[in-house]
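Remarks on the structure that follows.
Here is the naming used below: chain letters follow the sequence lines, and residue numbers restart at 1 for every chain.
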Protein chains: 2
Amino acid sequence: MTTKRNRGGDAVSNLLLATFKLNGAFLAAGDKISAPSGLTSARWQVLGTLMWDDMTVSGIAREMGLSRQAVQRIANVLAKENLITFLDNPNDKRAKLASATDEGRKAIQSLAERQHAWANATATGIDPAEIERAVEVMKKVLVASK
Amino acid sequence: MTTKRNRGGDAVSNLLLATFKLNGAFLAAGDKISAPSGLTSARWQVLGTLMWDDMTVSGIAREMGLSRQAVQRIANVLAKENLITFLDNPNDKRAKLASATDEGRKAIQSLAERQHAWANATATGIDPAEIERAVEVMKKVLVASK
DNA sequence: TAAATAATGACAATATATTGTCAATAAGGT
DNA sequence: ACCTTATTGACAATATATTGTCATTATTTA
């Protein structure tokens with residue numbers, strides 16, 4: 001006797017497909033939005049994380065849900081482009097603090113306008129509460145999927 | 001005067017972050033599920049698309065929302081591993097039909113049990129209707145984001 | 001039917017991301 | 001203090017995915 005998916009299992013499977021597609025679409029949109037600033041979705045995300053707080057690479061990875069090494073690679077690229085710098089971390093000799101430079105902050109700020117316009121446009125015609133509920137469900141599934 | 005994100009725009013931005021994280025978690029889960037069959041998330045997805053219908057590489061890409069070349073690469077790998085074959089397509093001399101071999105079908109079937117168990121387990125404790133609503137919202141956003 | 005346009009796979013370059021290993025450092029438990 | 005365990009960045013190998021170009025084949029349009 002084989003295990004069958006129940007209604008919940010089917011729903012999760014459909015959520016999986018929807019997530020893959022939406023992920024691709026969001027990445028494409030992000031690349032379009034960030035291209036004029038010389039960035040990409042991935043670099044924008046890492047740089048954006050550093051807008052308010054200096055953080056270690058490992059910390060960024062945890063916050064973003066990516067592997068440490070993926071973020072490390074991006075951070076090294078950003079450092080080479082002088083969008084971030086690494087500051088000594090008094091709390092850990094290994095893990096320096098990544099910190100956005102003025103140039104990096106400018107790059108992010110120049111994106112904000114386009115990002116806001118895109119996000120607002122994308123949301124038009126959809127009940128915001130609906131989207132917020134969807135996000136809550138996704139967070140639940142995220143925890144349960146592990 | 002700069003454009004500010006409204007509630008909908010904020011919601012879409014949060015959806016974006018949730019989508020990225022869930023995408024990563026689903027890929028990790030998929031790799032775990034498919035590893036015992038010698039597959040990965042990506043290969044499983046392409047192979048799975050061919051369970052019922054033979055399709056061209058371009059067709060698979062459209063269905064999956066990936067680039068043509070990404071699917072082409074995976075399909076070539078699957079062909080090399082004898083999990084799919086390319087059949088002549090009477091309708092198009094360029095685009096052969098990718099078709100799952102018996103070996104490929106067996107690989108997918110051996111995954112089904114584990115996938116069902118995972119999907120059911122992931123869904124437990126969450127109202128299926130909630131997940132279904134979330135999927136509908138994501139589809140709406142997918143269309144709007146382009 | 002002829003010509004313009006689009007779709008397709010091959011090929012290549014590049015970006016993104018995971019996994020694994022290693023040595024250095026940190027953190028926790030005894 | 002000591003020892004075990006965990007975290008971290010460097011390095012490397014590999015998988016995933018996009019973008020661009022090209023020649024070939026299909027499709028649409030005039």
Checking the side chain of A:R105 only, and the main-chain atoms of A:M51 only, is there a donor and an acceptor separated by less than 3.5 Å?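 Looks like yes, one N/O pair under 3.5 Å.
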Are the side chain of A:K21 and the backbone of B:E63 linked by a donor-acceptor contact shorter than 3.5 Å? yes
Would you kindly give the [atom1]-to-[atom2] distance between [X] and [N], to the nearest whole Å?
X	N	atom1	atom2	answer
A:K96	C:dA26	NZ	P	13 Å
B:R68	D:dT18	CZ	C1'	12 Å
A:N23	D:dT18	CG	P	10 Å
B:Q69	C:dA10	CD	P	9 Å
B:Q72	D:dT16	CD	C1'	15 Å
A:L27	D:dT16	CG	P	16 Å
A:F26	C:dT16	CZ	C1'	19 Å
A:I74	C:dA15	CD1	C1'	8 Å

A:A107 and A:L83: which non-hydrogen atoms are nearest, and at how many Å? CB-CD2, 4.4 Å
Could you report the tightest heavy-atom contact between A:P128 and B:A11, atom names first, then the distance?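 Taking every non-hydrogen atom into account, O-CB, 4.1 Å.
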C:dT16 OP1/OP2 closer than 4.0 Å to side-chain N/O of A:R73: yes
Run the side chain to side chain contact (heavy atoms under 4.5 Å, CB included) check on A:L15 and B:M138 step by step: do they pass? CA-CA 9 Å; A:L15 176 62; B:M138 291 168 79; 3.4 Å; yes
List the steps and the verdict of side chain to side chain donor-acceptor pair (under 3.5 Å) for A:T40 and A:D31. CA-CA 5 Å; A:T40 60; A:D31 283 343; 4.9 Å; no
Return the set of residues passing salt bridge (Lys or Arg N to Asp or Glu O under 4.0 Å) with A:D127 (not counting sequence neighbours), or none when no residue passes.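 Partners of A:D127 under the salt bridge (Lys or Arg N to Asp or Glu O under 4.0 Å) test: none.
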Reading DNA chain D from 5' onward, which residue's closest nucleotide shows up sooner: A:G24 or B:D92?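 Checking each residue's closest nucleotide, the 5'-ward one belongs to A:G24.
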Contacts to DNA chain D from residues 28-67 of chain A, heavy-atom cutoff under 4.0 Å, which residues? A:V57, A:S58, A:R62
Return the 5'-most residue of the pair A:A70, A:P90 with respect to DNA chain C, ranking by each residue's nearest nucleotide.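 First, find each residue's nearest nucleotide; the 5'-ward one identifies A:A70.
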Closest-nucleotide ordering on DNA chain C, the 5'-leading residue of A:N91 and A:V71: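 Per heavy-atom nearest nucleotide, the more 5' residue is A:V71.
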